[in-house]
Amino acid sequence: GGGGGGGGDSRCTSGQDVIDIFLQTDNYGSETTIEVWRGTSNRLATRGGFVSNSQYALYMCIPRNTCHYVVVRDSASDGLCCFYGNGYMDVYDNLVHVRRAAVFGSSTAIGVNC
């Protein structure tokens, strides 16, 4: 139930921000991988194994006001849209929309607090 106000979120502890990642896969979900990086050199998490034409809701708690990147990769280098379906990835920081990624080649990154 309910998220906290003032930049907090009940899923995370005090002093943390929450990054929400909403993924809609295209016709080839197995080609998609999502990574979360602290800065540009420290990969914290990798997630793959997605099913085609499916929706996923992922999140990660990060230290407040630190730079993180959410990277989406497509192994066929045709992005999530629109050659083979209408996929996308939306990234939120403390429930505020940062950016949508859909049309790209092999990968694109969305920065949070960077």
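Numbers here simply count residues along the sequence, with the first being 1. Every heavy atom of this structure was used, including side-chain atoms; hydrogens, water molecules and symmetry mates were not. Fair warning: this is a prediction, and the values are worked out from it, not measured in the lab.
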For Cys81, the disulfide (SG to SG under 2.5 Å) test, sequence neighbours excluded, returns none
Check: Tyr92 ring centroid to Phe22 ring centroid under 6.0 Å: yes
same_hphob_cluster(Ile19, Leu95) at 4.5 Å side-chain heavy-atom cutoff: no
Measuring from Met89:CE to Leu58:CG, what's the distance to the nearest 0.5 Å? 10.0 Å
Atom CZ of Arg47 and atom OG1 of Thr33: how far apart are they, to the nearest 0.5 Å? 10.5 Å
Within this structure, what is the SG-CZ distance for the pair Cys67 and Arg38, rounded to the nearest 0.5 Å? 10.5 Å
Got a second to check how far Leu80's CG is from Thr32's OG1, nearest 0.5 Å? 5.0 Å
Is Tyr84 reachable from Val103 through a run of I, L, V, M, F, W or Y residues, each pair having side-chain heavy atoms under 4.5 Å apart? no
Side chains of Val18 and Asn94: does their closest heavy-atom pair fall under 4.5 Å? yes
Co-membership, hydrophobic cluster, residues Phe104 and Leu23, 4.5 Å side-chain: yes
Could you list the donor-acceptor pairs under 3.5 angstrom formed by side chains in residues 105-114, with sequence neighbours left out?
| from | atom 1 | to | atom 2 | distance (Å) |
| --- | --- | --- | --- | --- |
| Asn113 | ND2 | Asp17 | OD2 | 3.4 |

For the pair Thr46 (side chain) and Glu35 (backbone), establish whether a donor and an acceptor sit closer than 3.5 Å, ignoring hydrogens and angles. no
Identify whether Phe50 and Tyr28 are in the same connected component of the hydrophobic contact network (ILVMFWY, side-chain heavy atoms under 4.5 Å). no
Hey, is Asp93 close enough to Arg64 for a salt bridge, meaning N to O under 4.0 Å? no
Side-chain touch Val91/Arg99, heavy atoms, less than 4.5 angstrom: no
Going by disulfide (SG to SG under 2.5 Å), name the residues that satisfy it together with Cys82, two or more places apart in sequence or in a different chain. none
Hey, quick one: are Ile62 and Val71 part of the same hydrophobic cluster, counting side-chain heavy atoms closer than 4.5 Å, chains of contacts allowed? no
Given Ile21, which partner from the list Asp90, Val72, Val70 fulfils the side chain to side chain contact (heavy atoms under 4.5 Å, CB included) test? Val70
